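The structure displayed is predicted, hence computed values, not measured ones. Per chain, numbering begins at 1; letters A, B, ... match sequence-line order.
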Amino acid sequence: MKDKSKKLSGIMLDFEKPLQELYDKLDNLTAVSDEGKLEMTEEIRLMEKRIESARRDIYSKLTPIQIVQVARHMKRPTTLEHIDSIFTDFVELHGDRNFADDPALVTGIAKLDSRSVVVMGHQKGRTTKENIYRRFGMANPEGYRKALRVMRIAERYNKPIISFIDTSGAYPGIGAEERGQAEAIAKNLREMAELTVPFIAVVTGEGGSGGALGIGMGNRVLMLEFAIYSVISPEGCASILFRDAKRANEAAVAMKITAPDLLELGVVDEIIKEPIGGAHSDGKLTSHLIKAAIIKNLDPLLKLSHRELIADRYNKFRKMGVFLED
Amino acid sequence: MKDKSKKLSGIMLDFEKPLQELYDKLDNLTAVSDEGKLEMTEEIRLMEKRIESARRDIYSKLTPIQIVQVARHMKRPTTLEHIDSIFTDFVELHGDRNFADDPALVTGIAKLDSRSVVVMGHQKGRTTKENIYRRFGMANPEGYRKALRVMRIAERYNKPIISFIDTSGAYPGIGAEERGQAEAIAKNLREMAELTVPFIAVVTGEGGSGGALGIGMGNRVLMLEFAIYSVISPEGCASILFRDAKRANEAAVAMKITAPDLLELGVVDEIIKEPIGGAHSDGKLTSHLIKAAIIKNLDPLLKLSHRELIADRYNKFRKMGVFLED
Amino acid sequence: MSIHEWFKRKQKAKEPVQTRERLDIPGNLWVKCYKCGQAIFSRDLEANLKVCPKCQYHFRLTAGERIRQLVDEGTFKEIDPKVRSRDFLEFKDSRPYAKRIEASILKSSLSDAIVTGTCQIAKQPAALGIMDFSFMGGSMGSVVGEKIARLIELACEKKLPVIILSASGGARMQEGIMSLMQMAKTSAALGKLRETGLPYVSICTDPTTGGTSASYAMLGDINIAEPNALIGFAGPRVIEQTIRQKLPPGFQRSEYLLEHGMIDVVCHRKELRLTLSRILNWFNER
Amino acid sequence: MSIHEWFKRKQKAKEPVQTRERLDIPGNLWVKCYKCGQAIFSRDLEANLKVCPKCQYHFRLTAGERIRQLVDEGTFKEIDPKVRSRDFLEFKDSRPYAKRIEASILKSSLSDAIVTGTCQIAKQPAALGIMDFSFMGGSMGSVVGEKIARLIELACEKKLPVIILSASGGARMQEGIMSLMQMAKTSAALGKLRETGLPYVSICTDPTTGGTSASYAMLGDINIAEPNALIGFAGPRVIEQTIRQKLPPGFQRSEYLLEHGMIDVVCHRKELRLTLSRILNWFNER
Ligand SMILES: [Zn+2]
Ligand SMILES: [Zn+2]
């Protein structure tokens, strides 16, 4: 517990700072208790409850820009961690059979309990080194082409697809442009629309623009409570529209990027609750909550025919858009 | 005529040297005639006949290694020249939608008289500069992937495919290996087998190994009289098997790489006669002979169903191979 | 991400917008080429399809100009002219989105950044969509997506080939996530077109970036581009900021994309109608 | 083209052939690792699946050794054991092809460079082809092509997944153009398998080059490679001669191909059976 509070305090977000005091108190209590001077079990229990309650309180009132911070939290569970917790017998499949393997987007085959499924997702790193290797989860065209290749395996052998979305966007690099970032994403969109197998997308962290959508056209799109999904980052939006990246908070509000907003807009089908204090406070539990939501949404889809699955997906995205006509 | 003999003599092959004397005489005759000193029309006609007869004679007795020289002749008509003569309304299509456009393998849509067809072929250059640009007709993986892309367009819109084969092989470069030369060719082979449209391949010059076969799995494989088609170049074969590239002539004989050999082995369906003195002596006529052969072979295929076309192609290649079993 | 660019370009390189305005003013008889500086008599520029006769710079065109240049006279029948944008997020930056829409409609006399309809090109019927950069930088919001989806569905029904001319800075930020979803919607419609066995020709004109390039603009059976058009996913500035490095010359221009395998044909405006008619004819005839 | 390499390798780097021979001699109890030089007790090497315990160098295996390592005991049923090569071109280099075949059969006690059959792997049925480099460098002639085609056709009929372990320098030059045509034949058979909806797993072992790599070896739904195997189309020497340049370190090795997107999994021999069983299980279960 000592360790936990220290670890957490080290990466505490601004708005979590009120918890720091409580954690410090908890540390004192446990220190005293560990030294054997006093029996503090009850006090510790109470303090823990207080912390939990404070956390719950804080997390129930997050502003959009605070949610952005949670969605980007360094300790937020990554795709490979979710895969590890949710599935068994994972075999990672590499490469687009064209140019490269992209570590920013991982794919593979796995078992969801007894079901054979294809899994994929953006992969961020934990350390700087890892993040450079993973390109901070920003995929190159090869990532999207690998995903498409593996989606086609799913289709050929009639297995459902589960994707995990967590990227600030597709990588904006020279090579990425040269090798057709636009083409790769566009083709994925068209091909995802035509998939004959059930497809569930889960927005687990940052859902950044075309880079997110590039593996995101699920029959069902689920979203973690404190994930975000938007056409451009709040900073990007602010620097363009308000000529000031620091007004990202306004942009975050204006663009409607939180899970409840997106549920209301019909872009997302279901919100998956996060543990108290956000996914980073309990990765395993988060994974288990995701798993339950996947199974709940997947099972009805398994009963649909190929045609029905395509129609279901087509209708879902076909109706997106708000306009006037008279 | 003067010009023609000079041009030809400049690139005369060893075994054509006996013609040189005759061309010199013809030059003299025409010079005298042009100066108006004597009326030499009849003599010129006779000399031209003699040259034709000598050419015919020489070309009727070529050894395999001489045929190799003809197949590689610098003035041998190239794919774009054939396309220009055979088809109309050609629109060249570029790019593999992945990495690059490969100028060593050209593709496009065109009309064969009133028929819409897809055309493709290896493209050699005429000048050194052009040859460097065209990589001497040795395609990179992008060339094969572009070809596949365009074959799929043919299939999607139910148009026949005509390919022209003229390469010493797929390009053996670092980049080519990195980007999956083997994968690109292999995938083409599998996909060509499954094409639902008529496919005619014409070996017009060098049919070099996998690089040739990579666009060569036609329902019908036609071959120009002095083209070659082999698993490895005679020089390559000789340097390996005889430890001496200079024994290429032996290798050329042993490997059975000429049109009549391949017809006998069942690898080729029909030999297209070349003009007297080889395709380089009359490119236009060569193209027209090819066109006639294409149409003759294509029209029956147009009557087959998708299934029949696949079965036809499968059976054709399925039965290739000679072995014992008891 | 690349709508980014659109705004920045709007502030800095005002050229194409100005051009249009100048040409719209009667009596403004001379235009200066934005690339080579050549003074061109307006009527000559018009007659030359708005291509600089000296340096071949392709000026941007309005949807109306495109129709006049490409379509058999009198054959264009617009569909869905009344679909208009709605400020459903009540989005406000320096100005409310609702006001922006209003102003753009007034200024351009378009209902949004795309005109769709059926037409004939060299006597061959086609479903045609033409984006117009002068309407909010050709940005793709719900209206653009809806009109494209309807155009494609109409093509499926009437068995028409589809042609879309793109000219767009990308997604329309003021519609938030919904503009992103238009990428999915339009691409899905193209998937249906493909399944129906009907061809699609995409024509990328300057600029074709962001969400537009990452959906319908790159999905042609055949992708055509006008010379020197900016085509790409991320905007040049975003890339420079990310990689802290200068971009190579010609980067993200048509010819560059041709070399990198993304474009089939870079087609001079003078050849565009002929090329299109050949392609349509190829698809139509057995 | 890469059969090239096979011959050259045979002359220069004799290691794998020697290895086999040494190990076949009873009483030859110690083997030296060709990579790190470590002396290894034969029985230990055998027990370690012929992987050097020190440097993890994967020694080449015979078809028989592969079966023992991968297949459920007693389940391998060979098909087409009597298909043999014929010298139909009467091909003669330093030695007539007919004699080469004879000698190879005697030396290897194989009928040609591949063994095919049905089997179970972790109780899951499969059609299995195993190439053996010790038979004329694993070169692919009519027999290899025919046996692979029959294996795949059998799989189509019996609804089995197909697994092929490649170990080959490429096409068999002594069969001229007919060896090239085996690329077409085997790939076409894989096309049929795919249409039938059955999976194919390719396992590339050292070496997998030339015509073999440019046909069935690269066409797996899933491509597996043993560590550090040479995999490529053109032989390293041919490339060096063409480009007049040294090759980068690790070029054409498994890990390099993984990085370049051609291989799904680089799999240590100890993990191979488990990985295969997981993959087969994934395909089999709904
Ligand atoms: Zn100019
Ligand atoms: Zn060792």
Side-chain angles (χ1 to χ4, degrees), chain A residues 87-120 133 139-161 175 179 184 196-198 298-299 301-303 306, chain D residues 121-122 124 159-163 190-204 213-214 217-225 227 231 233 250 253-268 271-286:
Chain A
F87 306 95
T88 59
D89 298 301
F90 178 57
V91 178
E92 185 174 348
L93 301 183
H94 291 87
D96 66 345
R97 296 284 196 277
N98 263 309
F99 184 79
D101 179 56
D102 187 353
L105 203 166
V106 297
T107 67
I109 58 175
K111 307 287 272 186
L112 175 62
D113 295 335
S114 66
R115 305 165 197 81
S116 292
V117 298
V118 151
V119 295
M120 60 185 62
Y133 172 64
N140 266 335
E142 295 75 52
Y144 296 101
R145 292 184 179 129
K146 171 168 68 174
L148 179 57
R149 179 173 78 81
V150 176
M151 287 193 265
R152 283 178 170 157
I153 292 178
E155 184 165 46
R156 210 149 56 237
Y157 302 104
N158 204 26
K159 316 291 190 194
I161 299 165
R179 300 192 301 274
T196 56
V197 294
L298 180 59
D299 283 343
L301 292 174
L302 289 170
K303 295 183 186 111
H306 292 179
Chain D
I121 294 173
Q124 298 172 101
K159 305 287 172 219
L160 296 173
V162 174
I163 302 168
L190 286 173
K192 186 171 256 189
L193 185 79
R194 198 176 169 93
E195 290 300 304
T196 313
L198 292 163
Y200 166 47
V201 178
S202 168
I203 305 172
C204 301
S213 72
M218 274 295 136
L219 291 175
D221 288 299
I222 296 176
N223 289 341
I224 299 176
I231 306 167
F233 181 60
R253 295 288 165 179
S254 307
E255 297 72 16
Y256 196 84
L257 270 86
L258 183 84
E259 222 176 278
H260 284 94
M262 300 300 148
I263 294 290
D264 284 292
V265 189
V266 173
C267 190
H268 193 287
E271 302 288 328
L272 191 52
R273 194 179 136 89
L274 175 67
T275 302
L276 268 182
S277 77
R278 276 189 179 182
I279 290 171
L280 289 175
N281 176 270
W282 186 86
F283 282 116
N284 285 332
E285 306 262 326
R286 205 218 121 67

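- A:R156 places no side-chain N or O within 3.5 Å of a backbone atom of D:G197 that could act as its donor or acceptor partner.
- Of the residues considered (A:V150, A:D101, A:I109), A:I109 shows the highest number of contacts with chain D, using heavy-atom pairs under 4.5 Å.
- Residue A:Y157 comes nearest to D:F283 through the heavy atom pair CD1-CE2, 3.4 Å, listed as atom of the first residue, atom of the second, then distance.
- Ranked by heavy-atom pairs shorter than 4.5 Å toward chain D, the options A:E92, A:R149, A:R145, A:E142 are led by A:R149.
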- Derivation of the side-chain contact (heavy atoms from CB on, under 4.5 Å) call for A:H94 and D:N223: CA-CA 9 Å; A:H94 291 87; D:N223 289 341; over 6 Å; no
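- Nearest heavy atom pair, residue A:S116 against residue D:E285, reads OG-O, 3.3 Å.
- The structure places CZ of A:R97 at 14.5 Å from NE2 of D:H260, a figure rounded to the nearest 0.5 Å.
- For A:D89, the parts lying under 4.5 angstrom from a heavy atom of chain D are both the backbone and the side chain.
- Listed by chain and residue number, D:K159, D:L193, D:T196 satisfy the side chain to side chain contact (heavy atoms under 4.5 Å, CB included) test with D:L198 (two or more places apart in sequence, or in another chain).
- Minimum interatomic distance between A:V117 and D:W282 (heavy atoms only, all atoms of both residues): O-NE1, 2.9 Å.
- Expressed to the nearest 0.5 Å, how far CD1 of D:I279 lies from CG of A:L93 amounts to 7.0 Å.
- Contact of D:L258 with chain A is made through backbone and side chain together, with heavy-atom distances under 4.5 Å.
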